[in-house]
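Report on one structure; see the data block that follows.
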Amino acid sequence: AQSVTQPDIHITVSEGASLELRCNYSYGATPYLFWYVQSPGQGLQLLLKYFSGDTLVQGIKGFEAEFKRSQSSFNLRKPSVHWSDAAEYFCAVGAGGGADGLTFGKGTHLIIQP
Amino acid sequence: DAGVIQSPRHEVTEMGQEVTLRCKPISGHNSLFWYRQTMMRGLELLIYFNNNVPIDDSGMPEDRFSAKMPNASFSTLKIQPSEPRDSAVYFCASSRTSGGLDTQYFGPGTRLTVL
């Protein structure tokens, strides 16, 4: 069975600083990987996804993620965070790439300090 | 496009009552998913449909939960009888293709409180 681990429950970053959110997955085949963001009281919005090809994936809002098969990781990065980036971030893995159900990590709560 | 529509947005009920959550997927999407989000367990897949047919309901917690998709534009998740431990946010999501590589779009969720 597939699983996702987000080791950091909370992360605090100063506005303008760089950000990296960690994600490790467990899956027997080539995974389909996703990062979603959830603002308070809202649904989930897709930031980016990886299916194949280039291991560095660009997403919306200036986010990127890098797939590293050797480390079973798919970490999310942003060079300079804005106060509006404060939210809950979820990493997910799917077998069917979106047509099958996703397995989510527990999430990382991002706090932005002024 | 209006996105995935869920109703109600909030539901407060008493233990033992029947609860019905509703979802309208994005027009043209063939796959529909129900997820539950709690503090303890995070986001869990309950069930999903492809072309209105339930494909995997292994995440449904118990027989008190049932889901239907009578047509391509409507799905329900029913809990009968409800219990306090069912309190959670329930999300519906849809994607365009079945067996393909596509994005799941999430609705705003229904926050259920069972007293």
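Just so it is clear, the values below take in all heavy atoms, side chains as well, and ignore hydrogens, waters and symmetry mates. A, B, ... follow the sequence lines: proteins, then strands. Residue 1 opens every chain.
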B:Tyr105 side, atom OH; A:Gln45 side, atom CD - distance, nearest 0.5 Å: 10.0 Å
Validation row: A:Tyr36, B:Gln104 side chains within 4.5 angstrom (heavy atoms): yes
Whether B:Tyr35 side chain and A:Leu102 backbone form a donor-acceptor pair below 3.5 Å: yes
Whether over 12 other heavy atoms sit under 6.0 Å from A:Ile60 CD1: yes
Largest heavy-atom contact set with chain B, pairs under 4.5 Å, which of A:Gly107, A:Gly43, A:Gly105: A:Gly43
Spacing of A:Phe104 atom CZ and B:Leu45 atom CG [to the nearest 0.5 Å]: 9.0 Å
Contact origin within B:Glu44 toward chain A - heavy atom pairs under 4.5 Å: neither
Shared hydrophobic cluster, B:Met60 / B:Met69 (ILVMFWY, side-chain heavy atoms < 4.5 Å): yes
Separation between NZ of A:Lys106 and CE of B:Met40, rounded to the nearest 0.5 Å: 7.5 Å
Segment of A:Leu44 engaging chain B (4.5 angstrom heavy-atom cut-off): both
Proximity breakdown for A:Gln38 and chain B, heavy-atom pairs closer than 4.5 Å: side chain
Linked, directly or transitively: B:Ile26 and B:Ile5 (ILVMFWY side chains, under 4.5 Å): no
Interface moiety of B:Arg111 toward chain A, non-hydrogen atoms closer than 4.5 Å: neither
